[in-house]
Each structure stands twice: as structure tokens, then as C-alpha cells.
*Asks:* 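Mind looking over this structure? Questions follow.
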Number of protein chains: 2
Amino acid sequence: MAKVTLQSIADRVGVSRMTVSNAFSRPDQLSADLRAKILAAADELGYGGPDPAARALARGRTGSVGLLINGSLSEAFEDAVSAAFLASVSDALSERGLALTLLPASSDQSFVPARDVAVDGALVYICDPAAPDIAWLERRQVPVVVVDHNVDGDVASVNVDDRSGARLAAQHLVDLGHRRVGILTLETDPAAGNYPARERMLGWHDALDPAGAETVVVATPFAPPEAAYDAALGLLDRPDRPTAVLCFSDAFAVATIRAAEALGLTVPADLSVVGFDDSVLAAGSRPPLTTVHQEVPAKGRAAVAAIAEVMSGGRPAPVLLPTSLVVRESTAPPPA
Amino acid sequence: MAKVTLQSIADRVGVSRMTVSNAFSRPDQLSADLRAKILAAADELGYGGPDPAARALARGRTGSVGLLINGSLSEAFEDAVSAAFLASVSDALSERGLALTLLPASSDQSFVPARDVAVDGALVYICDPAAPDIAWLERRQVPVVVVDHNVDGDVASVNVDDRSGARLAAQHLVDLGHRRVGILTLETDPAAGNYPARERMLGWHDALDPAGAETVVVATPFAPPEAAYDAALGLLDRPDRPTAVLCFSDAFAVATIRAAEALGLTVPADLSVVGFDDSVLAAGSRPPLTTVHQEVPAKGRAAVAAIAEVMSGGRPAPVLLPTSLVVRESTAPPPA
DNA sequence: CCAGCGTACTGTACCGGTCAAGAGCCACAC
DNA sequence: GTGTGGCTCTTGACCGGTACAGTACGCTGG
């Protein structure tokens, strides 16, 4: 069974290949009768519609947007926040008739998704700004929007106001009277850095330093979950234990609460804990977490709107999404 | 600045276009000297490497595998199990030099990812077997592997032995002495069905029915989380309350524990609860969940191995991955 | 009666690569 | 001296579509 192409259908019906193409792609260019006849013939031959690869070459667009992610994708999926981001991105894309292609940053030179996979545009998500993959995208002149990322140069961006959110969280502790505050942050590659982690750290200090609060900083890698627990233990199991802990994420905050309980401490009576992101974990935690809310679905939608604009030649203004403090039950004044 | 193509580089260096192509794609076909010269020229012109779309057409493969998913992608990302599956799939794919393209099942006729996006193969994940998208894939002769799905006809498949796992879970309750058992399952589209949900139900009954246990079944949609909580309340807040509940997922089990506590019941003393999947929730829950373990990363790897084999013309045998019961602290004999 | 126009279809030139076969050249063996 | 083979590079066809500029024709209006 030879492959069915526009030509074989054209031969069958006795029209030109172009007319068959129009039957599929531009119905207004031919009479309804003929179109019906062509579609019937196509059906009969088992034609699966115009070949996407050929169409992509001819039209100059593929119908799919890439998402460049650092490192193992497992992290991106397992983290509630980035998973929610991916979800909102792909939902927003499919509303616009676009598919989402994941482009893991390459370790290997032989296969570089950012170079070797056809996409119409790309979102760069939590990624080392110096990654060669980004350079490839630029080189191929692929429209790009960076997300949760510092902007280097002339690139469209969508960011969350992490710094303000962190400042609100720290100020909340200061207002409650805390003066010895632990910080449980993300351990990041010093070269690559992690933009949200840096911004949040700045925000926390924005509020803590003017108040003269003492800080104890502990960093832990993203995974595995036990690492955060151990780090929290290290932060709490010491003579000059802080009276409150600011965490990089809600997951870290939950781990901190567990560690506190293991040490016989009650949250928030003995220890206040603040999370970040207001993910599903936050409200369900016990006690429910005081945390910094960010609009993850809005971030996804904004990213898609931005990439769509860049793809159509526009130059969208940088987006900075607001954050807000959500006070629940994991914070209280320090023990007397 | 005109677009840089193989031809422009060829002109620049004074060789044929084919030689430039070989410089990128088959280094052994030309002398190292000339190759270096060509690459230098390409670099100078700002060439981004062979155009993936053109290459895809010429070579007949795109370097990317599709994943067909039902409904809103949000669910797929928010559920811990399917997120872990996606993660292992994309990791396994990138090891083989393949990217992952998400193909949401279409609602709209005008854009059907399964028909309009170029992929070399596709995994069909928890999807209505009757979905038109599957028919499109078949029509386009895209190699397909179905995952967590009943096999209709001659398609490669990767499944988990849900039924056996469910049987083990139910038998565990029977062995503990439970004779009035609630079942909190997934509410599914009656037409589409959900293969794991059906299999698990069969497995539970495999053990409960011979023991003469009485069952009370309640179904709840996947989202939102509160729905499961409410459903669990409905199951527990009745005179003939079951002494144990078998849940479709760990998330449902956690919701059930919450509901039990809200009613003043202690788990497992007053009520035994069994989850499914052994996701991250299970061990972290309080009390830690007795649940059915499935190897999600293995499922991802098996799916990728299978699709790779199908893409290279093979016909892999169906895979059925084992499940096992993990007994933790959420189950005990029924109250006296 | 013919310009002018809209409708329906066709012809040709791409899109930017890869494949398979061939041709020039030198080395080496017989 | 020449056949054989390997290394390089070139030639021409092809992948399966789409864009754009026609062409043919019937209808309308002055």
C-alpha cells in the first residue's frame, strides 16, 4: 500500500494537486460539490490529512511551542508549582491551537532539543541563563519568552514579584515580634543560580535587616524530600534555635513543620513557619500554612500570551505578576 | 539579513550543498579540513544548524514522540501519579534523543493535535478508547503504544496489574476481619470508562465477594480535591458505616482520613483506609497509608521502550507490570 | 458588444533539507 | 599497465505540502 498523498487523491479525482490541498486547507477556494467529492476520495484511500511535517516546511510553522527546562524533567513534574505552570501553559496553548513540546536542556552534544526539534517559539523556564540551549534558540531565531528568570537583554519575560512577596512574609514575622529567623532556601548551582531563590532571599532581607533581625540560612537541594527535612532539623536542633523559619516553598515549610514536631515543638506556639507559593500543600497542611500566594495559572496564561505575541512579530512588555501574603495558622508571636 | 541555509554556506565556501549537509549530519563523509572550514563559515554566517522542519520532511522523522491525553491537561499534571509517569517518559525519551510533545485530545474539530502535529510515534495515556484522536493516529499510521488502557485489537500496550493489586488490598482487609467495606472510586464517563478504575473495581470484588463482605460504593470525580472529601463524608456519615474503605488513589485515601477525623473517628482504630499507587502522599500521610504499590517510573520506561520498538518496526509483547501491597499504619482489624 | 469582475481551478516555483548513485582521483595489488 | 577499491565530493531527484500568479469562463453593466 503506497503512501497516500495529495497527488494520489488528485489523480483519483482528476483534478490538480493544488485543488486537493485547498479542499483541506482552504475550503472557500473551491465549490462545495468538488470538495465533497475530493474528501470522499481521500476517505476512501485512507488519507490521514495533509502531512504535518511537509506542511510545517511549506508554511514555515509547526503548530507547536517548546518549553525549555533545566535538568531532569522529573523535578519539573514533581514540584506542584511547576506542574501547575506546565498545566496552565499547555491548556492555554491548546486553546490557541498549539501543542506543547518539552525541550529538556541537553547534557549531551549529539542531541540538543533546542536545536534539533522544530518549534514555532519557546518558553524558557527556570533555566541557567548561560545554558547553550538558550543560545541555540537565539541562533535559530526562535521567538522566546523567559519565565521566572532574569532578563538578559532584549527578551520578552514573565516574572512573579517574588521579592515583594518575600518581603511581606518576612515583615509579617517582624511584626509578630520575631528577631531570630531561620531561612530554608533552595541550594542552587552557584554559577547558574535560581532567579526566584535569589529574589526571595533579597526580599526576606529587605524586611529582616532593617528590623535588626538575626538570620540563620540553610540551603537544601530540591530533591529528595528528606533532604529538606534534614536541613530543617539542622536549623532547629541548635541552642540558638530561631523562633521562625522562612521557607523557599510550601514543600520546605511542610518538611520544617515535620522536623519541628519531631523535636517536640509545636507550630506555631514554639515556632512560626512561612511557606511560599500557596500551592495545594499550603491549605491542606496542619496547621495550614501562612505563605506567599502567587498566581500560577495566570503565569502560564501570561507566558502563552507573550509567546503568541512574539511569534506574531510583537514585542510584549515585561510582565510582573503580583504576590500576596496569605496568613493562616502556622505563624504566631514568638514564645515568651 | 536573508535566511542562512545550506546553500548560502555552500556558496560561501565553494562546495556543493550536499557537502555542507554532510558536514553537519555525516562528518565521516568528508575530510576533517573541509568540515572545519565549513563549520567556521556556518558559524560566521550565524547558521543555527539544519532546519528541523526540513530535516523532518526529508528524513521522514521528527525526533519527537507524542503523548495523547484526555481532557484538560491540568489533571494529568496535578495528579502525582500521572505527573511521575510523564516525568519518567520524558526522561526516558530524552535518553534516546527524542523530545516529548503533548497532544491534548481535541474538543474542537479545527485543531486536532493528533492529526496536525508531526510526531514519530505516540503514547496513548488514559484516554477514551473511542476518541477520534486515536483514530487519527491510526489513520496516519503513527506507531502507537497504549498505556493504562485496554487493548482493542493489535496495538502494543503497557499496563499495570491493577486488578491483582486491588485484590491484594481487599484480601488484606478481609484477612483483618472486615466484612463491611466502603469503596471510594473514580467517577468516570460511563461511555469512555477508565480502565484502571474498572480493573481495580474487579480486583476488589475478587477478594470481597468470596468472603461475603458487604460493599458500599461511592464514586467521585478526579477533581476538585474537596469532592473526594465530601464523597468520603457521605460514605462514613451513615448508620451502617463501613469499617474499612478501599480507595482508588492515595489522594482519595488521604481525603477519607480527613473526613474520618472530621467525624471523630480514629484511623485505623475505628476505620481502616487503603490507598492505591503508593505515591508520595502515601508514606507522608498520617497515619502512613497502607496502599498498593505500582512502579510508575518503570511504566514510563517500559512505554518508551515499547514505542521505540514499534517505531523501528517491531511488535513488542504486551507489558503487564506487577503491583504489590504495602502495609503501613492505616489498616487494622475492625473495632470490636 | 465588450470591459470588468468574481468564481473555480491550474501551473510552477518554492520550503530546506536528505538520499542514492556517480564521478574524479589516488593508492595499492597483481 | 590496469583493475579494484576507498576516500571525497557532486549531481539530480525527492520528501509532501503551500503560495502566488495565472487562466478560463460566466455574469453583469454601460
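Predicted, not measured: the structure shown is a model, and the values here were computed from it. Per chain, numbering begins at 1; letters A, B, ... match sequence-line order.
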*Asks:* Produce a footprint string for nucleotides 12-21 of chain D: one letter per nucleotide, 5' end first; B if the base is under 4.0 Å from any protein heavy atom, S if only the sugar-phosphate is, - if neither.
*Replies:* -B-BBBBBB-
*Asks:* Restricting to nitrogen or oxygen on both sides, can you table the protein-nucleotides 4-6 of chain D pairs closer than 3.5 Å?
*Replies:*
none

*Asks:* Quick check for you: to the nearest 0.5 Å, what is the distance between C127(A) atom SG and D148(A) atom CG?
*Replies:* 11.5 Å
*Asks:* Between the opening five pairs and the closing five pairs of the helix from dC1(C)-dG30(D) to dC30(C)-dG1(D), how far apart are the helix axes, to 10°?
*Replies:*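 Axis-to-axis angle, ends of the helix: 50°.
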*Asks:* So how far is it from L102(A) CG to F77(A) CZ, rounded to the nearest 0.5 Å?
*Replies:*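 CZ of F77(A) is found 5.0 Å from CG of L102(A).
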*Asks:* Below 3.5 Å is the cut-off: list the nitrogen or oxygen pairs between protein and nucleotides 23-27 of chain C, distance only.
*Replies:*
none

*Asks:* Q29(B) CD to dC9(D) P: how many Å, rounded?
*Replies:*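 Nearest whole value for this atom pair: 10 Å.
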*Asks:* Test your reading of the model: is there a side-chain donor-acceptor pair from D120(A) to the backbone of G63(A), 3.5 Å cut-off?
*Replies:* yes
*Asks:* How long is the span from the OG1 atom in T101(A) to the CG atom in L67(A), to the nearest 0.5 Å?
*Replies:*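 Those atoms lie 9.5 Å apart.
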*Asks:* Table please: side-chain donor-acceptor pairs of residues 28-43 of chain B below 3.5 Å, with sequence neighbours left out.
*Replies:*
from: S31(B); atom 1: OG; to: L34(B); atom 2: N; distance (Å): 3.3
from: R35(B); atom 1: NH1; to: A23(B); atom 2: O; distance (Å): 2.3
from: D43(B); atom 1: OD1; to: R139(A); atom 2: NH1; distance (Å): 3.3
from: D43(B); atom 1: OD1; to: R139(A); atom 2: NH2; distance (Å): 3.1

*Asks:* Nearest 0.5 Å, please: how far is CZ in R12(B) from CD in E44(B)?
*Replies:*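 Here the rounded value is 4.0 Å.
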*Asks:* How far apart are the closest heavy atoms of I134(B) and H149(B), and which atoms are they?
*Replies:*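 Residues I134(B) and H149(B), closest heavy atoms: CD1-NE2, 4.5 Å.
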*Asks:* Taking S82(A) for its side chain and E78(A) for its backbone only, find out whether a donor-acceptor pair lies under 3.5 Å.
*Replies:*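 No.
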*Asks:* Is the backbone N or O of P113(A) less than 3.5 Å from a side-chain atom of D133(A), with the two atoms forming a donor-acceptor pair by type?
*Replies:* no
*Asks:* What are the two closest non-hydrogen atoms of Q109(B) and R115(B), and how far apart are they?
*Replies:*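 Shortest heavy-atom separation between Q109(B) and R115(B) comes out as O-NH2, 2.8 Å.
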*Asks:* Counting just side-chain N and O atoms, does T19(B) come under 4.0 Å of either OP1 or OP2 of dC9(D)?
*Replies:* no
*Asks:* Counting any heavy atom closer than 4.0 Å, what does S31(B) reach on the DNA or RNA strands: base, sugar-phosphate only, or nothing?
*Replies:* sugar-phosphate
*Asks:* Roughly, in whole Å, what's the span from CZ in R35(A) to P in dC9(C)?
*Replies:* 12 Å
*Asks:* To the nearest 0.5 Å, tell me how far S88(A) OG sits from L93(A) CG.
*Replies:*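 Reported to 0.5 Å precision, the distance equals 9.5 Å.
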*Asks:* Distance-only check: which donor-acceptor pairs under 3.5 Å involve side-chain atoms of residues 48-58 of chain A, not counting sequence neighbours?
*Replies:*
from: D51(A); atom 1: OD1; to: A53(A); atom 2: N; distance (Å): 2.9
from: D51(A); atom 1: OD1; to: A54(A); atom 2: N; distance (Å): 2.9
from: R55(A); atom 1: NH2; to: S25(A); atom 2: OG; distance (Å): 3.0

*Asks:* Indicate the atoms forming the closest heavy-atom contact of V112(A) with D108(A), along with that distance.
*Replies:* CG2-O, 3.9 Å
